[in-house]
Amino acid sequence: MARANDEAAALIQELADLLSITGGDAFKIRAYEKAARAIAGHPDDIAGLDLAGLRKIPTVGEAIAKKVLDYNTTGTIRQVEELRLQIPAGVRALTEIPTLGPKKALAVYEELGISSVDELATAIQEGRLRGLKGFGAKTEDNIVRGIELMRSAGERVLVDAAAGVADEIVAALAALPQVERCAHAGSLRRMRETIGDVDVLAASRDPHPIMEAFTALPLVAEVIAGGDKKTSIRTAKGLQVDLRVVPPESWGAALQYFTGSQAHNIRTREIAVKAGLKLSEYGLFHAESGDLIVSATEEEVYERLGLPWIHPALREDGGEIEAALAGDLPRLVTAEDLRGDLHSHTDLTDGTAPLDAMVAAAHARGLEYYAITDHAPDLFMQRMTDDKMLAQREQVRELQGEYPGMTLLHGTELNIGPDGEVDWDADFLSGFDVCVASVHSHFTQDQAAMTRRLVRACENPHVHVIGHPTARSIGRRPPVDADWDEVFRAAARTGTAMEVDSFPDRLDLPADLIRRAKRLGVVFAIDTDAHSVGHHRNIRYGVGTAQRGWLTPDDVINTWPLDRLRTFLAKRTT
DNA sequence: GCCGTTTTCGGCCCGACTGTTTTCAGTCG
């Protein structure tokens with residue numbers, strides 16, 4: 001699935017990583033890192049660009065453009081290959097150990113010949129790090145614990161797990177008398193699909209009791225670092241939480257800073273520097289006099305930098321600064337924009353709640369329309385039959401009378417077979433109000449077969465939405481391999497929507513593919529795929545993913561009024 | 001290595017905390 005852009009960007013990033021170990025110029029390393037991001041996020045396929053075309057990519061100059069050309073012709077970059085010979089892959093892996101960065105990795109490699117995490121663990125056991133300059137008893141101890149952490153937990157968690165921890169901590173701290181404001185920031189506020197650590201921000205003039213209350217919370221298993229401005233803990237499940245306490249008047253600048261991303265912050269600070277200003281978590285200051293200009297709200301900080309407020313979901317240095325400067329920021333879709341949900345299940349198949357409970361939950365969300373889409377017969381374990389489906393349709397029509405303000409749609413989630421065929425013939429399919437079609441098996445087909453399969457499903461006039469298109473399960477199953485641009489072109493051509501599935505372990509389409517699909521003219525449906533009443537709450541994660549994909553309300557068919565949606569659904573079969 | 005109404009050289013975001021040092025380097029975000 002990797003595009004040339006992604007592969008070239010990964011090589012440039014590797015070049016930066018390798019240079020940081022060999023002690024290359026820090027600014028050169030940063031230049032590579034910036035260019036890697038720009039290449040990964042560039043809308044055009046770099047495989048088709050010449051030197052001049054490549055140099056038009058921001059932060060890509062002569063030298064990096066030539067390296068990308070090198071990649072285009074040879075499939076690799078010569079300098080990367082050379083550095084790989086100097087620095088074994090295992091030495092790079094050492095920098096994955098928390099508290100062990102490039103300098104210490106190079107030290108143990110050069111002084112002791114250590115080139116893997118296992119060798120390092122053994123060397124520490126044998127006491128061979130003793131006496132090495134810069135390696136004291138505490139450092140040794142931290143490395144041992146870092147290796148343990150890396151080998152056990154320490155991996156990123158799903159967004160709902162992080163949100164649960166953040167909500168608990170924010171609720172506890174907000175109740176303290178010293179706390180004036182408290183909120184989560186970081187990658188969770190940006191709604192990244194997985195979260196490495198949770199950032200919590202509090203505003204107060206009296207930080208000490210807050211830090212004490214924080215480290216005394218029942219979920220705290222270990223205190224990693226403790227100061228009056230910043231304290232870090234780890235939960236029993238291995239999730240790190242950083243709490244920063246700032247003066248109340250710094251709230252806006254601090255929220256901007258701690259929301260990140262780091263790449264976005266570098267861009268905003270560069271803008272500040274060019275304007276003779278200095279931006280930190282404490283505010284926006286005059287560089288020379290040090291006088292404070294603004295700091296109370298994020299809006300003020302961005303405004304004084306000459307930018308409109310930028311939604312957290314966009315803050316990845318993925319083109320949002322350029323769009324903001326040009327006045328082209330999208331008005332992102334929100335949960336309030338959603339009028340309906342087009343994908344949900346009941347206990348007729350693998351849901352756990354009966355039809356009436358699911359409909360009541362949808363009504364409680366304030367939806368104007370709601371589709372029940374139980375599985376179709378090709379998923380044999382669900383034991384669906386024509387009669388059962390028709391009986392459910394009758395129940396849906398009867399239930400409609402109880403919900404005059406919400407239109408119930410009867411649909412189904414079809415199974416896309418290995419050849420792209422779906423359950424039921426055209427005649428039976430035409431009886432549904434809406435059909436979602438999804439891949440549920442044969443995940444490992446090669447790219448050509450999978451592409452044909454998805455294109456064929458799009459071309460089926462009865463299929464309105466492709467459900468969880470990549471079929472990935474975050475942390476468990478990789479996305480299927482397809483030529484996504486070809487699939488998206490088929491979806492745009494046939495008027496088939498791509499789903500943004502809100503399940504925290506799906507979030508499918510992922511944000512980067514959403515952006516690619518949108519550029520090709522695709523429309524989307526943000527659905528819960530709810531299998532229980534509680535799953536309706538997951539919609540926030542689907543909306544967050546759609547926002548990271550730069551979607552506006554108009555891109556999303558279930559923000560449309562019912563009449564417009566019906567027109568969209570109907571034109572497919574005429 | 002990139003960049004430029006401070007343009008072809010001299011800059012390049014900013015701060016907190018830790019550990020090993022006696023004033024600072026390394027790591028992290």
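Chain letters run A, B, ... following the sequence lines, proteins first, then strands; residues in each count from 1.
Between the base of B/dG29 and the side chain of A/Y257 there is a donor-acceptor pair shorter than 3.5 Å. At a cut-off of 3.5 angstrom, counting only N and O atoms as typed in the model, there is no donor on one side facing an acceptor on the other between the side-chain of A/E281 and the base of B/dG15.
At a threshold of 4.0 angstrom between heavy atoms, the contacts of A/G186 with the nucleic acid are absent. If you check every strand for non-hydrogen atoms under 4.0 Å, A/A26 touches nothing. Nucleic acid contact class of A/N142 (heavy atoms, under 4.0 Å, all strands): sugar-phosphate only. The residue A/D141 sits apart from the nucleic acid: no heavy atom pair falls under 4.0 Å. Backbone-only engagement by A/E270 is indicated by non-hydrogen atom pairs under 4.0 Å involving sugar-phosphate atoms exclusively. Here A/I64 lies in heavy-atom contact (under 4.0 Å) with sugar-phosphate atoms only. Residue A/R267 is classed as having no contact, given no heavy-atom separation below 4.0 Å to the nucleic acid. Among the atoms of the strands shown, none is found under 4.0 Å from any heavy atom of A/I29. When heavy atoms are screened at a 4.0 angstrom cut-off, A/K104 is found touching the sugar-phosphate backbone but no base atom. Nucleic acid contact for A/I97: sugar-phosphate only, since backbone atoms but no base atoms lie under 4.0 Å from a heavy atom of the residue.
The distance between atom NZ of A/K133 and atom P of B/dT22, rounded to the nearest whole Å, is 9 Å. What separates NZ of A/K230 from P of B/dT18 is a distance of 9 Å, to the nearest Å. Remark: P of B/dT20 and NZ of A/K103 are 18 Å apart, rounded to the nearest angstrom. Here B/dT18 presents its P atom at 13 Å from NZ of A/K229, a figure rounded to the nearest Å. Across the protein-nucleic acid pair, A/Q240 atom CD and B/dG29 atom C1' stand 10 Å apart, rounded to whole Å. Rounded to whole Å, the distance from NZ on A/K138 to P on B/dT21 is 15 Å. A/K28 has its NZ atom 19 Å from the P atom of B/dC12, to the nearest Å. Whole-Å rounding puts the A/K274 NZ to B/dT5 P distance at 9 Å.
Between the P atoms of B/dC13 and B/dT18, the separation comes to 26 Å (whole Å). Remark: the separation of the P atoms in B/dG26 and B/dT20 is 14 Å, to the nearest Å. The P atoms of B/dT27 and B/dT21 are separated by 15 Å, rounded to the nearest whole Å. A gap of 10 Å separates the C1' atoms of B/dT6 and B/dG11, to the nearest Å. Annotation: B/dC12 and B/dT7 have their C1' atoms spaced 15 Å apart (nearest Å). Spacing of C1' atoms, B/dT8 relative to B/dG1, comes out at 14 Å, to the nearest Å.
For the 3.5 Å distance criterion, the side chains of A/D555 and A/T552 qualify, holding a donor opposite an acceptor. Side-chain atoms of A/D228 and A/H208 form a donor-acceptor pair, as typed in the model, at a separation below 3.5 Å.
Set against B/dC14, B/dG29, B/dC2, the side chain of A/A31 has B/dC2 as its closest nucleotide. For A/K67, the side-chain atoms get nearest to B/dG1 when compared with the rest of B/dG1, B/dC13, B/dC14. Here B/dC2 is the nucleotide among B/dC2, B/dC13, B/dA16 with the atom lying nearest to any side-chain atom of A/A63.
Searching all strands for a Watson-Crick or G-U wobble partner of B/dG1 with both distances below 3.5 Å returns B/dC12.
Checking side-chain atoms of A/N72 against main-chain N and O of A/G48 turns up no donor-acceptor pair under 3.5 Å.
Ion pairing of A/E316 with A/R192 is absent here, as no side-chain N (NZ or NE/NH1/NH2) approaches a carboxylate O to less than 4.0 Å.
Between A/D199 and A/D228, the residue anchored closer to the 5' end of DNA chain B is A/D228, taking for each the nucleotide with the nearest heavy atom. The 5' end of DNA chain B is approached more closely, in terms of each residue's nearest nucleotide, by A/R244 than by the other of A/A137 and A/R244.
For the pair A/T139 and B/dT20, the criterion of a side-chain N or O lying under 4.0 Å from OP1 or OP2 is met.
Here the shortest heavy-atom pairing between A/D45 and A/A4 reads OD1-CB, 3.7 Å.
Taking CG from A/L18 and CD1 from A/I87, the interatomic distance works out to 7.0 Å, rounded to the nearest 0.5 Å.
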What verdict does the side-chain hydrogen bond (donor to acceptor under 3.5 Å, both in side chains) test give for A/S20 and A/D17, after you've listed the backbone C-alpha separation in whole Å, the side-chain angles of each residue and the deciding distance to 0.1 Å? CA-CA 5 Å; A/S20 74; A/D17 291 344; 5.2 Å; no

